[in-house]
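Sequence positions, counted from 1, serve as the residue numbers for this chain. Below, all heavy atoms of this structure are taken into account, side chains as well, without hydrogens, waters or symmetry copies.
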Amino acid sequence: MNKDDIERIRQSLLSLKAELQEQEAAFKADSGPVELDQARVGRLSRMDAMQAQQMALEAARRRQGQLTKIEGALGRIESDEFGYCFICDEALDLRRLSVDPTNTRCMKCADS
């Protein structure tokens with residue numbers, strides 16, 4: 001893997017990070033408590049709203065996990081440790097990193 005490949009992956013990670021941060025900001029602005037006033041909202045509507053709220057919270061949790069992985073990958077790029085398996089220290093295939101640049105294991109170690 002050459003410096004151009006690493007820079008392309010770094011730019012991809014930064015772009016994805018910015019997109020996830022925008023989504024997180026929008027989630028925080030739109031999230032609020034579920035309305036429990038029965039005069040205004042029926043029981044089924046409240047249940048739907050509560051389910052939607054839980055789904056949004058799960059999406060936010062996944063975004064945070066992805067942001068953590070991206071930060072780790074960017075840190076490895078800065079410290080010149082990017083592109084190597086955490087387990088066996090072999091170089092990761094560029095095709096594997098192109099699919100998910102936050103991968104930390106080679107195919108052999110990921111299967112075990």
Side-chain angles (χ1 to χ4, degrees):
M1 186 168 10
N2 61 37
K3 289 191 182 266
D4 290 337
D5 293 331
I6 291 175
E7 182 59 26
R8 184 179 43 79
I9 290 172
R10 189 176 83 75
Q11 290 301 320
S12 172
L13 286 167
L14 290 172
S15 173
L16 182 58
K17 178 182 174 183
E19 181 181 326
L20 289 171
Q21 288 173 330
E22 285 176 18
Q23 290 175 4
E24 189 66 19
F27 167 73
K28 287 180 181 178
D30 292 340
S31 66
V34 175
E35 182 67 46
L36 295 178
D37 182 11
Q38 276 191 316
R40 295 180 62 208
V41 179
R43 181 175 58 90
L44 293 177
S45 296
R46 277 195 321 280
M47 288 172 50
D48 286 343
M50 291 168 62
Q51 181 182 21
Q53 183 183 45
Q54 289 302 312
M55 290 170 57
L57 288 171
E58 176 61 20
R61 186 190 66 77
R62 289 179 186 214
R63 269 193 306 276
Q64 287 299 319
Q66 189 65 23
L67 283 168
T68 301
K69 287 179 167 184
I70 290 170
E71 287 295 331
L74 289 170
R76 290 190 299 279
I77 288 173
E78 293 301 318
S79 64
D80 291 328
E81 296 174 359
F82 182 77
Y84 296 96
C85 178
F86 274 8
I87 307 296
C88 67
D89 205 33
E90 292 290 321
L92 297 174
D93 191 335
L94 181 59
R95 293 172 295 181
R96 182 165 173 77
L97 290 172
S98 295
V99 171
D100 182 4
T102 64
N103 276 322
T104 58
R105 295 188 175 141
C106 65
M107 287 297 293
K108 186 174 103 179
C109 293
D111 287 340
S112 1

Non-hydrogen side-chain atoms of [X] and [Y] separated by less than 4.5 Å:
X	Y	value
I77	E7	no
F82	L92	no
R8	D5	yes
L57	Q54	yes
K17	E71	yes
Q64	L20	no
I70	L14	no

Can the positive tip of R63 be found less than 6.0 Å from the middle of the six-membered ring of F27, inside 45° of the ring normal?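 Yes.
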Please step through side chain to side chain contact (heavy atoms under 4.5 Å, CB included) for the pair K69 and T104, ending with a clear verdict. CA-CA 10 Å; K69 287 179 167 184; T104 58; over 6 Å; no
Can we say E90 and K108 salt-bridge, meaning some charged N sits less than 4.0 Å from an Asp/Glu carboxylate O?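 No.
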Between E58 and R62, does any side-chain N to carboxylate O distance fall below 4.0 Å?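 A salt bridge is present here (some side-chain N lies under 4.0 Å from a carboxylate O).
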Could you walk me through whether L74 and R10 satisfy the side chain to side chain contact (heavy atoms under 4.5 Å, CB included) test, starting with their C-alpha distance in whole Å, then the side-chain angles of each, then the deciding distance to 0.1 Å, before giving a yes or no? CA-CA 7 Å; L74 289 170; R10 189 176 83 75; 3.8 Å; yes
Could you go through M1 and Y84, starting from their C-alpha distance and side-chain angles, then the distance that decides it, and tell me whether this counts as side chain to side chain contact (heavy atoms under 4.5 Å, CB included)? CA-CA 11 Å; M1 186 168 10; Y84 296 96; over 6 Å; no
Rounded to the nearest 0.5 Å, how far apart are [atom1] of [X] and [atom2] of [Y]?
X	Y	atom1	atom2	value
N103	L97	CG	CG	6.5 Å
I9	D100	CD1	CG	10.5 Å
C106	I87	SG	CD1	8.5 Å
I6	R76	CD1	CZ	12.0 Å
L67	T102	CG	OG1	11.0 Å

Minimum heavy-atom separation for C109 to C88, with atom names?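 Distance-wise, the nearest heavy atoms are SG-SG, 3.7 Å.
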What is the minimum heavy-atom distance between A110 and R96, and which atoms define it?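 In terms of heavy atoms, the two residues are closest at CB-NH2, 3.6 Å.
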